[in-house]
Amino acid sequence: MRIGVVTFPGSLDDQDALRAVRLVGAEAVPLWHGDEDLRGVDAVILPGGFSYGDYLRCGAIARFAPVMGALVPAAQGGLPVLGICNGFQVLCESHLLPGALIRNDHRKFVCRDQVLRVENAATAWTSDYEQGQEITVVLKNGEGSYVADERTLDALEAEGRVAFRYVGQNPNGSYRDIAGITNERGNVVGLMPHPEHAVEEGYGPSVDGLGFFTSVLAQVVRA
Amino acid sequence: MSASTSQLDTVERAAASSDTPQPWAELGLGEDEYARIREILGRRPTSAELAMYSVMWSEHCSYKSSKVHLRRFGDLPAETPLGKQLAGIGENAGVIDIGQGWAVTFKVESHNHPSYVEPYQGAATGVGGIVRDIMAMGARPIAVMDPLRFGAIDHPDTQRVLPGIVAGVGGYGNCLGLPNIGGEVVFDPCYQGNPLVNALCVGALRHEDLHLAKATGTGNLVVLFGAKTGGDGIGGVSVLASETFDDEGVGKRPAVQVGDPFAEKVLIECCLDLYAAEVVEGIQDLGGAGLSCATSELASAGDGGMRVWLDRVPLRDATLRPEEVLMSESQERMMAVVTPDKLDEFMAIADRWDVEATVVGEVTDGTNLQIHWGDELIVDVPPRSVAHDGPVYERPLERPAYLDGLQADDGARLARPSTPEDLKATLLQLLASPNLCDKSWVTDQYDRYVRGNTALAMPDDAGVVRVDEETGLGVALSTDCNSRFAKLDPYAGAQLALAESYRNVATAGAIPLAVSDCLNFGSPEDPGVMWEFSEAVRGLYDGCLALGIPVTGGNVSFYNQTGETAIHPTPVVAVLGVMDDVARRTPSGWKAPGQMLYLLGRTASEFGGSTWADVVHGHLGGLPPAVELGLERELGEILVNASRDGLIDAAHDLSDGGLAIALAEGTMRYGAGARVWLDEVCERDEIDVFTALFSESAARAVVAVPRSEEVRFTDMCSARGFAHARIGVVDDELDGIELQGRFSVTLEELRHAHTGTLPAAFAH
Amino acid sequence: MGNVVVDVMLKPEILDPQGQAVAGALPRLGIDQFIDVRQGKRFVLTVDGEVTDEVLAAARRAAETLLSNPVIEDVVSVRAEQDVEAVRAEQDVEAVRAEQDAAAAESAR
Amino acid sequence: MGNVVVDVMLKPEILDPQGQAVAGALPRLGIDQFIDVRQGKRFVLTVDGEVTDEVLAAARRAAETLLSNPVIEDVVSVRAEQDVEAVRAEQDVEAVRAEQDAAAAESAR
Ligand SMILES: Nc1ncnc2c1ncn2[C@@H]1O[C@H](COP(=O)(O)OP(=O)(O)O)[C@@H](O)[C@H]1O
Ligand SMILES: [Mg+2]
């Protein structure tokens with residue numbers, strides 16, 4: 001079981017994602033933004049960070065990286081892909097997921113321990129959670145407010161594609177408290193909070209994030 | 001190159017026109033300094049040389065007023081409790097061995113004035129600068145901290161600068177992927193018009209990866225890499241340009257530097273790949289004084305000369321004059337010395353990271369640093385004379401006359417709360433005061449988790465990060481300074497800063513190993529300020545000697561004053577400690593019911609410079625708390641041993657606001673309540689409850705001991721003859737704190753007081 | 001050398017926290033005329049030569065693909081700077097009107 | 001309702017990492033005409049009424065104090081949107097010219 005993690009210039013949480021993959025016993029495979037090659041991995045994580053400085057719009061420039069040329073069709077073909085924070089932004093900019101992420105309503109970067117509710121426990125990345133389970137992971141971003149037009153939001157709700165919702169105070173103004181979403185097929189999941197920062201006792205608020213990585217492991221083994 | 005050489009002030013021309021008047025005074029040089037430059041060169045300097053000397057001999061770069069005092073630190077044993085220092089004062093940053101083949105390097109620096117002018121960019125580039133210092137040692141930067149000082153919380157100046165400074169620290173550090181693991185936010189009217197932005201970076205490296213800033217090996221190449229050079233931060237040298245420039249051109253040179261953290265992130269990864277490929281002989285960051293500093297320091301530390309082709313420097317602004325290119329403080333640049341056979345590999349690595357790299361010079365077998373612009377020689381100087389042999393002053397010192405009066409005004413007359421209600425109200429008032437309130441409005445803007453190695457961060461006493469994933473080996477860091485203490489007595493104040501920082505590190509469970517400092521003072525030309533400075537350095541020196549830890553580096557920031565009024569002396573002290581396994585670190589709050597709370601150390605009535613006197617009475621006077629470093633050392637050993645042996649589950653040091661604040665913070669951390677009794681302590685130390693709660697005596701901590709370990713723990717304290725008293729028990733059924741026989745305060749009351757202040761002041 | 005100016009604004013239905021913050025801050029400066037503020041982006045793209053039709057077409061492509069995200073943003077305009085300059089010189093409506101009249105008179109000659 | 005448009009750009013001598021990021025990305029999209037990109041801000045301030053001289057004066061004050069940081073930025077222009085609109089409708093230089101001619105003819109009548 002090989003899980004790839006893409007490093008763009010400015011990626012920051014790539015090492016953390018690779019560590020999380022190793023911790024669940026999978027093989028962690030570094031992928032490079034400049035290679036149009038997924039090295040035969042069984043799943044891909046687009047990690048957090050500030051790809052290309054996030055100067056224009058978060059994820060806007062990364063979307064055009066050569067590796068995305070290989071990733072987009074693979075994702076459309078069913079490859080499990082998880083976008084965390086900046087990775088979620090890249091997925092939205094690439095139109096693999098609907099909507100967009102804009103500046104937090106309070107206009108500040110926010111780093112805190114965040115409770116999420118798993119709203120869809122049937123995706124490739126959430127099957128090890130219970131529907132409705134509350135987990136505590138790390139939230140840290142400046143542009144994490146999820147927006148989409150009403151029609152898209154209604155469709156997401158109706159199709160059960162809201163994967164995670166913020167519990168308690170909405171930390172950034174996201175429409176309908178949305179923290180993460182999935183595509184129709186459930187193989188592409190994006191969320192702003194960071195499960196990879198909650199995988200080791202003593203180095204994060206909990207180990208609740210492990211479920212993402214064990215889920216995909218089970219998924220791929222089944223497939 | 002577009003530069004018209006006819007206008008160039010070349011070495012040849014300088015030699016032939018010795019009497020040409022030069023703007024040395026405008027560049028900040030003294031008459032004697034200018035004369036000395038002429039003597040060194042045997043002729044008048046060229047404009048470029050004059051620019052170089054003027055900035056390299058400035059206070060900021062040459063430490064000319066502080067050097068005679070800082071020399072003391074060099075007399076400290078160059079050893080930490082774990083062994084020899086690998087690099088010390090004089091390098092970009094000190095490097096210490098932490099065992100298992102690992103080393104760490106850390107340093108604090110100031111970026112005070114730029115942050116006042118442009119808060120966001122000033123603070124951002126402050127972080128960027130210190131990170132490059134750490135990279136230049138061959139290390140991977142692993143964390144940052146930001147000790148900050150502002151004017152009164154409601155002052156318009158604070159309202160203007162604080163949000164920008166905090167956003168700048170966060171904006172740069174977050175984008176760099178460095179966890180921010182601590183710092184300080186202090187408000188005092190003395191910083192109005194002169195906020196302090198200090199920044200600390202710590203990096204980790206394997207012993208064999210240590211790199212030094214020197215240019216050796218004739219024929220080796222000098223490579224400039226990173227961002228292009230623009231006209232940033234060269235306001236000062238515009239007087240030179242004004243001779244050859246129309247005024248408009250000069251006015252366009254910005255004094256403000258803008259940072260590009262993305263460029264720096266890429267530069268970090270690029271440097272680490274270069275080190276791993278072993279293609280770097282010597283390396284230097286570009287900071288203050290830009291290329292002037294980097295070339296002269298590299299050459300001065302090496303064994304030969306250096307030749308530089310300045311016109312090869314890639315420019316962002318093609319109109320820059322050679323003096324300006326030399327002086328530019330454009331960010332995100334580094335300079336490496338590379339052997340010719342490794343150049344291709346070097347360039348390939350830089351290319352992979354999209355980092356522009358250019359050979360701009362070579363190491364020669366001569367003695368001088370020679371800089372060319374096209375075919376012309378515009379600088380020909382002995383590099384040591386620029387970089388290391390600058391002027392040194394013995395500034396006059398004088399103990400300020402006001403000090404006797406200040407120390408005599410000891411606050412004995414200040415009304416003290418006596419009823420239970422008043423004691424409780426005082427606790428809540430202090431908890432809500434700007435300096436003791438919850439800082440999460442600030443610290444939530446910083447990423448403390450990135451890299452996944454953070455074991456402790458705010459609001460705990462020290463930041464703790466793992467260095468080695470295999471073993472859990474890691475470091476703890478704290479920065480501290482109570483400048484009110486330093487104002488009352490700079491010698492004791494510096495030692496108290498050292499003691500608090502040392503204590504914080506030990507409280508987390510780490511063995512304190514080494515010190516870095518950032519000495520923020522007023523004008524060195526004021527004998528009173530200079531006296532404060534020398535006292536602070538003396539205090540720090542004596543303190544380090546007593547604690548057995550070296551000063552491995554630091555920074556001096558003078559001229560922090562508004563008009564005639566200097567800030568309080570603010571010697572910020574950073575202590576670094578080591579832990580074999582950071583998973584064992586001690587958090588600052590308690591959770592487990594039934595654990596016993598112990599107060600370590602004795603309390604005396606010490607309210608000079610205290611938070612209580614400040615917040616309740618607006619009073620500053622008397623003497624600061626007594627410092628006993630022997631006791632600090634013993635306390636440190638107890639905390640570290642108890643942590644290692646699993647005798648304590650939580651520990652919080654006592655500092656500003658005293659025991660009352662420590663108890664409140666320990667309770668709020670995880671929400672578990674505490675039942676507390678202080679009668680025995682009051683009896684033993686012959687103090688009243690008010691003193692027990694709010695005095696700021698040093699060398700104290702409160703710890704939570706599991707019942708099963710109580711005997712072992714008290715035996716350990718007794719064996720060392722260290723004062724310890726059982727003062728309470730953790731009770732998660734209890735809502736907040738119950739101080740027996742006095743008052744109860746609920747968690748909600750505590751949190752309400754603690755958390756409201758910063759949002760109310762800045763969230764709009 | 002010529003410049004193309006691209007203006008991008010958030011779609012009207014998308015929340016604009018930065019614009020709102022400005023709107024909230026203006027009254028505190030005694031500026032209370034404005035009932036709404038929106039903040040967008042302005043790009044200046046420089047070519048080494050004239051702003052030809054091809055250059056404008058390239059700028060428009062850049063605007064649609066990279067410079068804006070159609071999910072949340074509108075490209076408000078893409079034009080050669082000289083055309084912007086014609087307006088920029090003006091400091092207020094009156095002056096602009098006067099200038100337009102003058103220009104009109106000029107070109108009518 | 002009327003709008004005032006305020007354009008703010010970083011001073012030319014100040015480093016613009018945002019513009020550089022765009023400039024670096026465009027060639028990867030096959031758009032290689034542009035030798036430089038600078039990114040600035042565009043504010044649209046709305047008044048409940050006409051854009052009078054006073055409104056423009058207030059906008060100018062807002063531009064100088066809150067909307068720009070004079071240490072690193074220039075206010076490039078402050079003008080009523082209708083004046084911008086006059087240009088915005090145009091899609092390229094030719095069209096603008098034609099329009100201007102037409103306008104000229106119109107106003108010369
Ligand atoms: N500017 C800052 N940046 C990061 N952390 C900060 C900052 N200011 C305060 N903190 C953190 O908040 C906590 C409380 O600060 P403080 O009361 O000064 O601690 P202490 O009294 O233990 O030195 C500490 O963990 C400290 O590191
Ligand atoms: Mg502390």
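Each chain gets a letter, A, B and so on, in the order its sequence line appears, and its residues count up from 1. Everything numeric in this text was worked out from a predicted model, so none of it was measured.
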Q | Interface moiety of C:Val4 toward chain D, non-hydrogen atoms closer than 4.5 Å | A | side chain
**Q.** Spatial distance of atom CD (C:Gln39) from atom CG (D:Leu67) [nearest 0.5 Å]
**A.** 8.0 Å
Q. In Å and rounded to the nearest 0.5 Å, what is the CD to NZ distance from D:Glu73 to D:Lys41?
A. 4.5 Å
Q. Is it the side chain or the backbone of D:Ala23 that comes within 4.5 Å of chain C heavy atoms, both, or neither?
A. neither
Q) Who wins among D:Gly49, D:Gly40, D:Ala58 for the most heavy-atom pairs under 4.5 Å with chain C? A) D:Gly40
(Q) Nearest 0.5 Å, please: how far is CG in D:Asp7 from CZ in D:Arg79? (A) 5.0 Å
Q) What is the distance from atom OG1 of D:Thr65 to atom CZ of D:Arg60, rounded to the nearest 0.5 Å? A) 13.0 Å
Q. Looking at D:Val6, D:Leu26, D:Val37, D:Asp36, which one has more heavy-atom pairs under 4.5 Å with chain C than the rest?
A. D:Asp36
Q | Residue C:Ala57 versus chain D: region with a heavy atom under 4.5 Å | A | neither
Q | Distance, nearest 0.5 Å, that separates CD1 of D:Ile14 from CG of D:Asn69 | A | 9.0 Å
Q) Any idea which of D:Gly30, D:Ala25, D:Gly19, D:Ala59 has the most non-hydrogen atom pairs under 4.5 angstrom with chain C? A) D:Ala59
